[in-house]
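To start, the structure itself, in structure tokens.
None of the values given here were measured: they were computed from a predicted structure.
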Amino acid sequence: MRSKLVAGNWKSNGSLVSNKSLLSALKECSIGPDVNVLVSPPFAYLSSVVEDLKGSRIEVGAQNCSAYNSGAFTGEVTAEMLKEVGVEWVIIGHSERRALFGERNEDVAAKVSKVLAAGLRPIVCVGETLDERENGRAETVCIEQLDGAMAEVKVDERWVIAYEPVWAIGTGKTASAEDAQAMHKVLRAHIRTVCGDVAEKVVILYGGSVKASNAEELFEQEDIDGALVGGASLKAEEFAAIVSAAGN
Ligand code: 13P
């Protein structure tokens with residue numbers, strides 16, 4: 001049995017004041033024994049969020065990291081640095097990083113390898129655009145991204161995959177539970193073909209307009225092991241309801 005994971009991606013949002021009130025509400029929320037929860041604030045707030053969450057079951061993730069070791073790479077934050085400040089997870093290859101900052105599959109693979117080497121766990125995002133879905137290329141695109149991500153290290157149980165169809169991100173349009181399940185099944189089958197039985201242990205999250213009202217139906221699907229939540233992770237009540245839909 002795979003545990004459920006509910007991960008909040010705060011994207012480029014937050015402030016010292018708003019983080020405090022969000023976290024103090026989240027610390028009150030009840031988390032089922034088989035459910036893991038994490039929040040991913042911007043780099044600037046990581047240390048203070050780790051500090052605030054000490055003693056709670058909520059873990060902390062970053063939204064990106066460097067593809068390099070430390071050195072003359074202005075503006076880059078290494079996986080080792082994240083580890084040192086108490087981060088446990090790193091989101092890699094989010095579609096916003098791919099579309100807005102030119103991140104390629106090779107970059108994703110290099111970052112995953114640094115994350116694993118630092119003893120952190122990657123949450124690797126894949127997902128097709130609307131155009132790709134309408135042209136029947138959704139599966140091919142997601143599998144290409146997954147293969148690209150494992151160019152340096154193959155998927156094992158430390159990896160989490162997040163299927164985030166680009167057209168569902170921040171749009172209010174969620175993939176239907178059936179469509180999401182179908183893609184998760186394809187991804188798991190591909191992992192099984194390439195990496196063997198570990199596929200059964202790999203947590204695969206759905207992301208894209210997940211909210212309290214659709215979480216339960218998504219979580220009921222056989223291959224959906226939780227969610228990567230954007231907008232709704234900034235609202236304590238909404239996020240707590242998604243966490244509770246993952247199990248009590
Ligand atoms: P929304 O939940 O705001 O659609 O964002 C999803 C996402 O991109 C999480 O990484």
With a sphere of 6.0 Å drawn around [atom1] of [X], does it hold more than 12 non-hydrogen atoms of other residues, nucleotides or ligands?
| X | atom1 | value |
| --- | --- | --- |
| E217 | CD | no |
| K185 | NZ | no |
| K27 | NZ | yes |
| F73 | CZ | yes |
| E157 | CD | yes |

Starting from the C-alpha separation in whole Å, work towards a yes-or-no answer on side chain to side chain contact (heavy atoms under 4.5 Å, CB included) for N9 and I91. CA-CA 8 Å; N9 175 6; I91 299 170; 3.9 Å; yes
Apply side chain to side chain contact (heavy atoms under 4.5 Å, CB included) to I161 and V202, showing your working. CA-CA 8 Å; I161 309 295; V202 174; 4.1 Å; yes
For D107 and E103, indicate whether the former's side chain and the latter's backbone hold a donor-acceptor pair under 3.5 Å. no
Would a hydrophobic clustering, with Ile, Leu, Val, Met, Phe, Trp and Tyr connected at side-chain separations under 4.5 Å, put V229 with V60? yes
Applying the 4.5 Å side-chain criterion to the ILVMFWY set and letting contacts propagate, would V166 and V141 be lumped into a single cluster? no
With distance as the sole criterion, is a donor-acceptor pair present between the side chains of T174 and N214 under 3.5 Å? yes
Measure the acute angle between the ring planes of Y163 and H184, then classify it against the limits of 30° and 60° as parallel, tilted or perpendicular. perpendicular
